[in-house]
J.: 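Let me begin by handing over the structure; questions about it come next.
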Amino acid sequence: MSTDNSLMPDPEFDAKIEALIGSIRSVYGDEFIPLHRPVFEGNERQYLVDCIDSNFVSSVGKEIVQFENMICDYTGAKYAVATVNGTAALHAALVCAGVGRGDEVLSQALTFIATCNAISYTGAKPVFVDVDKDTMGMSPTALRAWLSENTTQKDGQCVNKMTGAVIRACVPMHTFGMVLRISEIAKICEEFCITLIEDAAESLGSFEGGTHTGRFGAMATLSFNGNKVITTGGGGMVLTDDEELAKTLKHTTTTAKVPHPTEFVHDRIGYNYRMPNLNAVLGVAQMQTLPSMMDIKTEIAAFYKALGESQGWNVVQARKGTTANNWLVAFCMETPEQRDVFLTRTNAAGVMTRPIWRLMNELEMFKDCQHDGLTVSKWLEQRIVNVSSGVPDARLKDVKISS
Ligand SMILES: *Cc1c(COP(=O)(O)O)cnc(C)c1O
């Protein structure tokens, strides 16, 4: 990604960016426009005050359970366990899937760092397979090719022929809320005896057919960080349909304390990962406004789709048969040089845009991880940018509490 070329004048591209900035400003106004922002137009303030008055601000409280139930209702998951953040949710899910030191976990190089950090916390090593160009998420073709070439089955486990390590889990990630080919990934994981854990941190509100993301594997994780579709300040959740797993998840994330009226007995290394009630009350309020937020975000996505057509931008669209939550709208630039110019010009104009993540295998900590060449990931890394995707000021009045 040379910056030298970006200095070469291209008046036509500059004019195209100017037109785009004008169009974005017509929706978002004249001030600095962030990429995304939290929206608190519902019961958030009231619930926070009530929570403080109740004294139940910490890891015990009825709103934690209420928030978990609301997420279950919305996603269709049978069980949900709320955690302090999405990274902790991923870590807990991996631990409960039996991932540990010496294991390997398949994932994407094109993801946010949290996915690979969580894998590393268990002592396991990530292995990266490529993504599909249209979904920016794990490619079933790449996954099958890598597994067929590099693994063998031993005692019902998938073993890496080169390292001898067990491939214990696979963690695909729904980039920016675009739904990857998750049904196909699920089939392959089953065939190769690998536990599927979906990183659905970015895809609350995204569906394949009528099925919510995070419903295709043994477990899935969500994030409620401040920049996500809904926020609890910080927060996360693990989803599962397995009652035993749900119990283990709850136990593991609450210091593994054995229930007893007075004694402190813990039966394994546990984690203090429980979401505080103070955060959960925000989650309850945010879930009440989520449907209207989704409506507004659908309109914003439509606005960008139309802009793409009229001004000639390649706006990434949801795969056929899926519904995206439109968390962050993504443009695909024609060249790495155009990407650099685009980022410089828009940000200088106070319209925040940003590149997609640096590939994980390019970071110091993961540079020795095995991968399949990552041709598409690399191509996307050099071209994908995100544009302002939050709720515009003028639409805040349309954020409604649903019954
Ligand atoms: C946000 C996010 C997470 C979790 O992040 P936290 O900040 O720990 O909640 C995990 N994976 C991806 C891909 C994310 O975008």
Side-chain angles (χ1 to χ4, degrees), residues 34-38 67-68 71 80-95 97 99 105-122 126 128-129 131 135-138 169-180 182 185 196-206 213-214 217 219-239 249 253 271-276 279-280 282-283 286 316 324-330 354-361 363 365-366 377 380-381 384 386 389-390:
L35 208 57
H36 206 265
R37 64 165 180 188
F67 182 36
E68 288 170 337
I71 291 282
V81 177
T83 59
V84 285
N85 58 53
T87 311
L90 270 168
H91 183 203
L94 288 160
V95 166
V99 176
V105 175
L106 285 156
S107 191
Q108 300 169 200
L110 192 73
T111 184
F112 176 58
I113 188 74
T115 319
C116 290
N117 276 343
I119 293 168
S120 305
Y121 299 163
T122 67
F128 303 118
V129 295
V131 296
T135 67
M136 302 175 289
M138 188 178 281
C170 176
V171 188
M173 196 279 288
H174 301 282
T175 302
F176 308 141
M178 292 289 169
V179 183
L180 66 99
I182 189 64
I185 297 283
L196 173 60
I197 300 169
E198 284 176 81
D199 184 346
E202 305 186 352
S203 65
L204 179 67
S206 297
T213 49
M219 285 173 274
T221 60
L222 302 175
S223 166
F224 311 113
N225 192 18
N227 64 345
K228 296 281 158 65
V229 168
I230 68 164
T231 187
T232 57
M237 211 173 273
V238 189
L239 311 180
L249 281 162
T253 52
Y271 299 89
N272 182 15
Y273 277 175
R274 190 67 171 154
M275 176 185 282
N279 298 82
L282 282 176
Q286 293 267 287
V316 180
N325 63 3
N326 303 301
W327 174 47
L328 291 182
V329 175
R354 63 153 205 209
I356 201 165
W357 315 280
R358 183 68 53 87
L359 296 187
M360 292 300 114
N361 63 304
L363 303 179
M365 311 80 81
F366 303 115
S377 304
L380 290 168
E381 180 199 32
I384 294 290
N386 291 125
S389 315

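Remember, it's 1-based here, ligands and their atoms both numbered in the order they're listed.
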J.: Does Phe176 have its ring centroid less than 6.0 Å away from the ring centroid of Phe112?
T.: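 Between Phe112 and Phe176, which both carry aromatic rings, the centre distance is not below 6.0 Å.
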J.: Output the list of atoms in ligand 1 that are nearer than 4.0 Å to some heavy atom of Thr87, sorted by atom number.
T.: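 Listed by number with element, the hits are 4 (C), 5 (O), 6 (P), 8 (O).
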J.: In the protein, which heavy atom is nearest to atom 11 (N) of ligand 1, and how far is it?
T.: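 Here the nearest protein heavy atom works out to Asp199 OD2, 2.8 Å.
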J.: So if I count the atoms of ligand 1 from 1 in the order they appear, which ones are less than 4.0 Å from some heavy atom of Met173?
T.: 13 (C)
J.: Decide yes or no on ring pair (Phe, Tyr, Trp, His ring centres under 6.0 Å) for Tyr121 and Tyr271, but give the supporting numbers first.
T.: CA-CA 12 Å; Tyr121 299 163; Tyr271 299 89; 9.2 Å; no
J.: Under 4.0 Å from a heavy atom of Thr111: which atoms of ligand 1 are those, numbered in the order shown and with their elements?
T.: 13 (C)
J.: What's the shortest distance from atom 3 (C) of ligand 1 to any protein heavy atom, and which residue and atom give it?
T.: Ala201 CB, 3.6 Å
J.: Is there at least one pair of N or O atoms, one from Ser223 and one from ligand 1, spaced under 3.5 Å apart?
T.: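 Yes, since at least one N or O of Ser223 sits under 3.5 Å from an N or O of ligand 1.
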J.: Is it the case that ligand 1 has an N or O less than 3.5 angstrom from some N or O of Gly86?
T.: yes
J.: Are any of the N or O atoms of Lys228 closer than 3.5 Å to those of ligand 1?
T.: yes
J.: Would you call Leu106 and Val129 a side-chain contact if the rule is heavy atoms closer than 4.5 Å?
T.: yes
J.: Without swapping roles, check the side chain of Thr232 against the backbone of Leu282 for a donor-acceptor pair under 3.5 Å.
T.: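 Checking the backbone N and O of Leu282 against the side chain of Thr232, no donor-acceptor pair under 3.5 Å is found.
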J.: Short question: side chain of Glu198, backbone of Ala200 - any donor-acceptor pair under 3.5 Å?
T.: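 No; judged by distance alone, with no hydrogens or angles, the pair does not exist.
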J.: Checking Thr115 now: which residues fulfil side chain to side chain donor-acceptor pair (under 3.5 Å) with it, not counting sequence neighbours?
T.: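 Thr115 satisfies side chain to side chain donor-acceptor pair (under 3.5 Å) with Thr111, Asp199 once adjacent residues are dropped.
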